[in-house]
There are 2 protein chains.
Amino acid sequence: MHIASGNARAVLSFLYTGLMNAPRTARERARAELTREILAAARRQLGEAGAAGLSLRSVARELGMASSAVYRYFASRDELLTSLLVEAYSEIGEAAIEADRPEAAPEARWLAVWRAVRAWSLANRHEYALMYGTPVPGYAAPHITAEVAGRMPLTLARIVADAGRAAVLRPLTGPECDPAAIDPAMLVLLEGEAFTPEATARLILAWNRLVGVIGYELHGHLKNVTADDAAFFDYAARSEGANLGLPFTWPTVPDGG
Amino acid sequence: MHIASGNARAVLSFLYTGLMNAPRTARERARAELTREILAAARRQLGEAGAAGLSLRSVARELGMASSAVYRYFASRDELLTSLLVEAYSEIGEAAIEADRPEAAPEARWLAVWRAVRAWSLANRHEYALMYGTPVPGYAAPHITAEVAGRMPLTLARIVADAGRAAVLRPLTGPECDPAAIDPAMLVLLEGEAFTPEATARLILAWNRLVGVIGYELHGHLKNVTADDAAFFDYAARSEGANLGLPFTWPTVPDGG
DNA sequence: CTCAACAGAGAGCGCCGCTCGCTAAAGTGA
DNA sequence: TCACTTTAGCGAGCGGCGCTCTCTGTTGAG
């Protein structure tokens with residue numbers, strides 16, 4: 001689990017004092033273990049029933065302890081849920097990073113990462129919903145998870161940047177984004193990768209597409225709309241890649257409308 | 001309220017027997033009125049606290065009646081929520097339709113509809129979440145709402161189709177979608193508008209983009225990412241319109257990466 | 001006028017998140 | 001070693017939830 005970053009530790013104090021520092025005393029070891037067990041049970045129940053069906057009481061029941069005892073480890077149900085959220089961001093980011101083969105062609109890398117993110121999401125739909133669905137009411141997540149939440153889109157950025165350095169990017173076509181629409185902080189974040197504002201805008205759209213198409217598939221919006229979700233997803237991936245200048249190839253298509 | 005369609009009436013029996021048939025007896029009139037009042041109170045509470053914070057008991061309390069009495073009107077909380085969902089789909093569809101000026105240029109129509117949908121969504125974020133966020137666990141919505149849920153994307157389709165009939169569409173460029181990926185039912189639905197599978201695929205993506213960018217904005221995923229959400233949204237609209245062949249104009253952009 | 005359909009109330013079931021006060025054990029410093 | 005603090009866990013309990021059931025009074029139809 002790659003959690004952490006200073007902010008996260010500050011807010012999720014219960015979790016991290018238990019998990020991060022190498023446990024020395026027996027009490028600390030027991031605490032770390034139980035914390036992990038609670039998280040594991042919660043994760044299981046999240047996978048089965050979704051966030052709405054996850055209750056602290058049932059987690060406690062599964063672990064054979066009083067529900068009130070769980071509050072020694074997580075200050076609230078929301079904090080438990082936030083921990084699972086961080087875990088989910090971490091996992092989907094890792095799935096993206098692991099799927100990326102920097103030695104391969106940029107189109108292949110791009111498609112592989114997209115597919116890996118989709119595969120993880122289909123296998124972890126409730127975790128996906130936690131990240132990209134309706135936010136849980138009392139959640140403190142946004143700023144906590146910024147670093148870990150950025151790993152997946154940053155993996156996409158790296159592929160485009162590598163292609164740029166290899167000078168295989170096509171010139172960008174189509175409407176242009178007002179550079180002022182992009183947050184300077186975002187440009188700073190991508191500084192090492194030398195992204196123009198226009199490329200940044202398109203990267204944001206690509207990330208949004210990746211998340212959006214998966215969401216549509218998971219939430220049933222593609223029912224009676226698409227017949228082959230995987231093929232449609234690949235199409236979306238290629239379309240977004242090409243929009244960023246990745247050298248995807250395609251035959252000429254006739255007029256639409 | 002444009003609810004209805006056969007399916008909806010069958011499933012949401014409580015609601016529609018109360019609302020649809022012109023009330024004759026005093027009892028029927030009272031029932032219709034109370035049904036509306038319950039829906040209105042629920043809508044208010046949804047707008048304030050979101051779906052998670054909406055309880056049948058608090059609705060009953062607001063209306064000064066026993067919570068058990070509400071069950072005479074809605075069989076369950078889920079059914080009440082589903083009614084609100086149908087209402088939301090109807091409203092966002094109407095917002096799209098009303099914003100569309102068929103006599104205007106297709107690019108202007110396209111942008112106007114996108115902006116209207118965004119405006120409605122920003123003003124009704126919890127209703128938006130009901131439609132496009134994480135689905136509520138026990139909801140029966142999908143097939144019920146098919147007709148009414150289709151109005152918004154169909155408005156987008158009509159603009160493109162009109163542009164096609166007026167022969168102002170540009171040839172489509174970029175990667176091509178495997179026609180087999182699109183559900184034939186979707187093509188039938190757009191039959192009157194003479195959509196090719198390729199145009200249909202791009203329309204689905206445009207609809208997905210519209211929903212996705214708004215979702216990102218509402219759920220905070222654009223924080224520290226974009227600086228001017230409205231401008232970025234317009235950019236997404238133009239980008240998707242151009243991808244469908246709508247004659248948006250843009251200057252040539254330099255290389256990205 | 002009779003009788004069935006119906007609306008509403010209230011009690012109650014088993015959940016839920018969360019709090020509080022208590023006990024017993026574990027760790028700590030003199 | 002022993003007093004003292006910190007901690008883990010428990011059980012009772014609060015108010016709220018969705019939902020069911022039974023009972024009563026009213027409305028509308030034949």
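Below, chain A is the first sequence line, B the second, and so on; all start at residue 1.
Between A/Arg29 atom CZ and D/dT7 atom P there is a gap of 18 Å when expressed in whole angstrom units. Atom pair A/Tyr71:OH and D/dC14:C1' shows a separation of 13 Å (rounding to whole Å applied). Rounded to whole Å, atom P of D/dT20 lies 16 Å from atom CZ of B/Phe74. For the pair A/Leu81 CG and C/dC18 P, the computed distance is 11 Å after rounding to whole Å. Whole-Å rounding puts the A/Leu54 CG to C/dG17 P distance at 8 Å. Computed from coordinates, the A/Glu28 CD to D/dT6 C1' distance equals 12 Å when rounded to whole Å. The nearest whole Å value for the distance from the CZ atom in A/Arg72 to the P atom in C/dT19 is 12 Å. The CD-P distance, from A/Glu62 to C/dC16, rounds to 13 Å in whole Å.
The aromatic rings of B/His221 and A/Trp207 stand perpendicular to each other, their planes meeting at an angle above 60°, with 30° marking the opposite boundary.
Between B/Arg61 and D/dC17, a side-chain N or O to OP1/OP2 separation shorter than 4.0 Å is present. Regarding contacts with the backbone of C/dG27, a side-chain N or O of A/Thr25 is found under 4.0 angstrom from either OP1 or OP2. Here A/Ser55 reaches the OP1 or OP2 of C/dC16: one of its side-chain N or O atoms lies under 4.0 Å away. Listed pair A/Arg31 / D/dT7 fails the phosphate criterion, with no side-chain N or O lying under 4.0 Å from OP1 or OP2. Between C/dG8 and B/Tyr73, a contact under 4.0 Å exists linking OP1 or OP2 to a side-chain N or O.
Between the side chain of A/Arg27 and the base of C/dG27 there is no donor-acceptor pair of N/O atoms closer than 3.5 Å.
Within the nucleic acid shown, B/Ser76 comes within 4.0 Å of sugar-phosphate atoms alone, with no base atom in reach, counting heavy atoms only. Here A/Ala26 lies in heavy-atom contact (under 4.0 Å) with sugar-phosphate atoms only. Looking at heavy-atom distances under 4.0 Å, A/Arg57 makes contact with a base.
A donor-acceptor pair shorter than 3.5 Å can be found between the side chains of B/Tyr235 and A/Arg202.
A cation-pi arrangement is absent between B/Arg115 and B/Phe233, since the terminal nitrogen or guanidinium carbon is not both under 6.0 Å from the aromatic centre and inside a 45° cone about the axis.
Remark: B/Leu156 CG to B/Trp110 CH2 distance equals 4.5 Å, nearest 0.5 Å.
Taking only side-chain atoms of A/Leu56, from C-beta outward, the nucleotide of C/dG8, D/dG9, C/dG17 with the closest atom is C/dG17.
Each of B/Ser58 and B/Ser68 was matched to the nucleotide of DNA chain D holding its nearest heavy atom; the match closer to the 5' end belongs to B/Ser58.
The side chain to side chain contact (heavy atoms under 4.5 Å, CB included) with B/Val225 is formed by just one residue from the set A/Leu203, A/Asp183, A/Ile204; it is A/Ile204.
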